[in-house]
Amino acid sequence: MMELTAKTFHGLEEVLAEEIKSLGGTDIQVNRRVVTFNGDKKTLYRCNYESRLAINFLMPIARFKARKEDELYEQVKSIEWDKFMHSRNSMVIQSTVRSDHFTHSHYAALKTKDAICDYFRDKHGDRPNISKDRADIMIDLNIRDDKVIISLNSTGQPLFKRGYRKVTGPAPINEILAAGLVKLAGWDMKSPFMDPMCGSGTIAIEAAAIAARIPVGELRRFYSVFKWPSFDQKIWDEVRNEAEANILERIPRITASDSSLQLIKKARLNLEAFEERIKVNFQAFNINELIEAEPGTTVIFNPPYGERMNKMDGIKDYAALGDVMKEKFKGCSVWIITSDRDAIKHIGLKTTSRTNLKNGPLDCTFRQFDIF
């Protein structure tokens with residue numbers, strides 16, 4: 001069993017913990033933007049291949065204290081790096097530093113890099129190359145005060161890089177956050193799902209992939225764990241084959257619309273990556289042109305925030321949006337994510353539940369409204 005750490009976005013920690021449990025993780029602990037857990041190789045591989053809510057998965061390999069650059073260097077150099085990489089691998093150091101002892105994260109990363117390279121040079125007469133964009137091995141350096149954690153990033157490029165999104169519109173929502181909204185909304189994956197302001201289609205496509213159980217890693221070709229000396233191809237193939245065997249051919253009706261025909265074309269293009277295995281009905285509609293939704297439908301709105309709100313066709317503010325919701329979505333569970341915390345108070349509907357989230361740099365609220 002290994003100690004593992006999953007990183008995610010603020011507000012998604014609890015639903016990520018539930019997901020990790022379903023993928024085989026044990027001893028799960030929830031913290032701010034991270035979830036720690038225990039798992040074997042198969043659990044780690046399954047998490048990387050199937051997790052929709054994690055950014056990446058780290059395996060801590062060393063913990064120690066350091067207050068000076070020389071102490072950091074010596075401690076890092078003392079790690080048995082042969083267990084975790086080869087001298088022929090390329091590598092990159094990703095650092096997070098919150099410390100009065102180390103005031104510059106780049107310099108701490110540089111000392112860590114030097115220590116690893118010197119370890120291999122002294123022992124093997126060779127050293128790894130540095131590659132910022134396409135590194136084989138990604139090493140995570142975390143320093144808080146004098147406490148240092150060195151971890152291997154098993155994922156590599158973050159898991160929101162799913163591989164299906166070829167084109168986007170303005171301010172596209174992150175794929176992990178989109179999947180998180182679907183999970184937080186509690187959609188049962190049996191009743192219909194709707195996104196009436198879909199942009200380039202990310203929320204609707206994530207919902208469809210969740211319902212069809214299509215693994216996140218299906219379109220991905222590389223994970224950093226492939227380059228670990230301990231990587232087991234047989235176990236990876238088992239994980240992949242088991243996930244593929246669970247894919248469903250039929251999913252509930254998913255509809256998505258936007259007033260921009262250009263954005264709808266982009267959404268349809270993004271969906272093509274799944275080769276018609278999942279269906280989303282993308283249509284170019286002004287929101288006032290929508291027919292009434294079937295009772296029981298789960299609806300998620302991601303409207304433009306701030307001043308862009310009044311640029312939507314047929315909607316000038318949240319009061320107008322509330323009127324549309326009361327008319328079009330009776331008997332539905334309607335959710336809205338927005339950074340306009342004051343403006344949304346004028347929607348004229350009672351909030352059933354709310355969650356604080358981050359959409360990029362924006363502090364957002366995700367609110368539920370049950371329309372009767």
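Hydrogens, waters and symmetry mates play no part in the numbers below; they use all other heavy atoms, side chains included.
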Quick one: do [X] and [Y] make a salt bridge, cutoff under 4.0 Å?
| X | Y | result |
| --- | --- | --- |
| R162 | E206 | yes |
| E80 | K83 | yes |
| E3 | R63 | yes |
| K42 | D232 | no |
| K77 | D114 | no |
| R240 | D237 | yes |
| R32 | E13 | no |

Checklist entry - Of the options N153, T155, D140, N56, which is the one that meets K7 in a side chain to side chain donor-acceptor pair (under 3.5 Å)? => result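 Of the listed residues N153, T155, D140, N56, the side chain to side chain donor-acceptor pair (under 3.5 Å) partner of K7 is D140.
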Checklist entry - Any chance the rings of Y45 and F231 have centres within less than 6.0 Å? => result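 Centroid distance Y45-F231: below 6.0 Å, so yes.
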Checklist entry - Are the ring centres of W81 and F120 closer than 6.0 Å? => result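 Aromatic pair excluded; centres sit 6.0 Å or further apart.
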Item to check | Within 45° cone and under 6.0 Å: R220 NZ/CZ vs F222 ring | outcome: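 The answer is no, since R220 fails at least one limit relative to F222.
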Tell me which donor-acceptor pairs under 3.5 Å the side chains of residues 246-256 have, and how far apart each pair is, sequence neighbours excluded?
| unit_1 | atom_1 | unit_2 | atom_2 | d |
| --- | --- | --- | --- | --- |
| N246 | ND2 | E242 | O | 3.3 |
| R253 | NH2 | E294 | OE1 | 2.9 |

Next on the checklist: For C198 versus I264, what's the shortest heavy-atom pair and its separation?
Outcome noted: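 Here C198 and I264 meet closest at SG-CD1, 3.7 Å.
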Item to check | Passing option when Y223 is tested against W236, Y49, W228, F57 for ring-ring contact (aromatic ring centres under 6.0 Å, His included) | outcome: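 The passing option is W236.
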Checklist entry - With sequence neighbours left out, which residue pairs that include part of residues 356-369 fulfil the salt bridge (charged side-chain N to carboxylate O under 4.0 Å, His left out) condition? => result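 Only K358-D363 qualify under salt bridge (charged side-chain N to carboxylate O under 4.0 Å, His left out).
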Checklist entry - Relative to the ring of F274, is the ring of Y164 parallel (under 30°), tilted (30 to 60°) or perpendicular (over 60°)? => result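 Judged by the thresholds at 30° and 60°, the geometry between Y164 and F274 is tilted.
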